[in-house]
Amino acid sequence: MVRILKVTGNSLFPLIQEGDFVIVFKIPFFLWRIFQYRPGDIIVFKHPHYGTLIKKIEWYSHNGYQYYVVGTHPESTDSRTFGLVEREWLSGKVIWHIQNPARKTPV
């Protein structure tokens, strides 16, 4: 399953910014062993208290498939705030980033 999402907020600033779009691929359960989520992957997940979030995987627990995720913005709400992300919360992995064409690139 593939979805296109519009990014709100600046959790991964400057890499991904508000108004950008990402294409998210949901890894089917039967392909988990082949296409695992790995450190460095950018993922989208639904946190029970914070809603839908986009973060970068820093590391994960092999035992329970829990992920430590971080944002690149200094004020990002991430695993430093809410702890590990559970596998069942994952919506998918970002496979493509589309910069908002209205965003001005610094010269």
Side-chain angles (χ1 to χ4, degrees):
M1 180 168 108
V2 176
R3 293 177 31 196
I4 298 175
L5 299 174
K6 185 174 185 177
V7 176
T8 58
N10 284 306
S11 178
L12 293 174
F13 181 87
L15 177 64
I16 298 176
Q17 298 180 27
E18 185 160 5
D20 289 355
F21 293 87
V22 291
I23 298 175
V24 179
F25 174 66
K26 173 76 171 182
I27 299 172
F29 181 75
F30 65 92
L31 294 176
W32 268 79
R33 296 212 182 256
I34 299 169
F35 299 103
Q36 295 180 19
Y37 295 96
R38 302 192 187 288
D41 287 347
I42 296 175
I43 59 169
V44 174
F45 60 96
K46 194 165 208 162
H47 190 277
H49 299 293
Y50 292 97
T52 302
L53 299 172
I54 182 170
K55 305 291 176 193
K56 183 177 172 182
I57 296 175
E58 191 161 291
W59 58 267
Y60 68 98
S61 160
H62 296 279
N63 299 342
Y65 290 104
Q66 296 173 312
Y67 302 86
Y68 187 89
V69 298
V70 294
T72 55
H73 191 279
E75 297 176 13
S76 178
T77 300
D78 52 31
S79 286
R80 295 170 285 200
T81 306
F82 53 69
L84 298 174
V85 171
E86 301 292 334
R87 180 169 70 177
E88 58 267 13
W89 299 351
L90 299 180
S91 300
K93 176 180 177 175
V94 173
I95 58 171
W96 198 265
H97 168 226
I98 304 164
Q99 182 176 316
N100 182 351
R103 180 169 40 145
K104 294 183 181 174
T105 306
V107 179

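The structure presented is a predicted model; accordingly, all values stated were derived computationally and were not measured. Both backbone and side-chain heavy atoms feed into the values below; hydrogens, waters and symmetry mates do not.
Note on F25: it clusters hydrophobically with I23, by side-chain heavy-atom contacts below 4.5 Å among ILVMFWY residues. I27 is connected to V2 through a chain of hydrophobic side-chain contacts under 4.5 Å among Ile, Leu, Val, Met, Phe, Trp and Tyr, so both are in one cluster. A single hydrophobic cluster is not seen to contain both I4 and V94; linkage of ILVMFWY side chains at heavy-atom distances under 4.5 Å, directly or through other members, places them apart. Criterion: ILVMFWY side-chain heavy atoms under 4.5 Å apart, direct or through other members. Under it, I54 and V24 are part of a common hydrophobic cluster. No continuous path of hydrophobic side-chain contacts links L84 to Y60 [ILVMFWY only; heavy atoms under 4.5 Å].
With rounding to the nearest 0.5 angstrom, the CG atom of L53 is 4.5 Å from the CZ atom of F45. Atom CD1 of residue I57 and atom OH of residue Y68 lie 13.5 Å apart, to the nearest 0.5 angstrom. Between atom CD of residue E18 and atom OG1 of residue T8 there is a gap of 6.0 Å, rounded to the nearest 0.5 Å. Summarising the geometry, atom CZ belonging to R38 is positioned 7.5 Å from atom NZ belonging to K93; distances are rounded to the nearest 0.5 Å.
Among all heavy-atom pairs drawn from S11 and S76, the shortest one is OG-OG, 2.9 Å. Scanning both residues, V69 and S79, for their nearest heavy atoms gives N-OG, 2.8 Å. A pairwise comparison of heavy atoms in I43 and L90 identifies CD1-CD2, 3.5 Å as the closest pair.
Counting only heavy atoms from C-beta outward, the side chains of W59 and V70 never approach each other to under 4.5 Å. With a 4.5 Å cut-off on side-chain heavy atoms, D20 and H97 count as touching. In this structure, W89 and P48 have side chains that are in contact, with non-hydrogen atoms separated by less than 4.5 Å. Using a 4.5 Å cut-off on side-chain heavy atoms (C-beta onward), E86 and Q66 make contact.
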* Full working for side-chain contact (heavy atoms from CB on, under 4.5 Å) between Y37 and Y67 -> CA-CA 9 Å; Y37 295 96; Y67 302 86; 3.7 Å; yes

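Partners of T77 according to the side-chain contact (heavy atoms from CB on, under 4.5 Å) rule, which considers only residues two or more places apart in sequence or in another chain, are Y50, T81, F82. L15 is linked by a side-chain contact (heavy atoms from CB on, under 4.5 Å) to I42, counting only residues two or more places apart in sequence or in another chain.
Residue R80 qualifies as enclosed at atom CZ: its count of foreign heavy atoms under 6.0 Å is above 12. For CH2 of W96, the number of neighbouring non-hydrogen atoms (other residues, nucleotides, ligands) closer than 6.0 Å is 12 at most. Other residues, nucleotides and ligands contribute at most 12 non-hydrogen atoms within 6.0 Å of the CD atom of E75.
No donor-acceptor pair under 3.5 Å is formed between the side chain of K46 and the backbone N or O of E88. Judged by distance alone, the side chain of N100 and the main-chain N or O of A102 form a donor-acceptor pair under 3.5 Å.
The pair K55-D78 does not meet the salt-bridge criterion, since no charged nitrogen lies less than 4.0 angstrom from a carboxylate oxygen.
Ring geometry for H49 against H47 counts as tilted: the plane angle lies between 30° and 60°, on a 0 to 90° scale.
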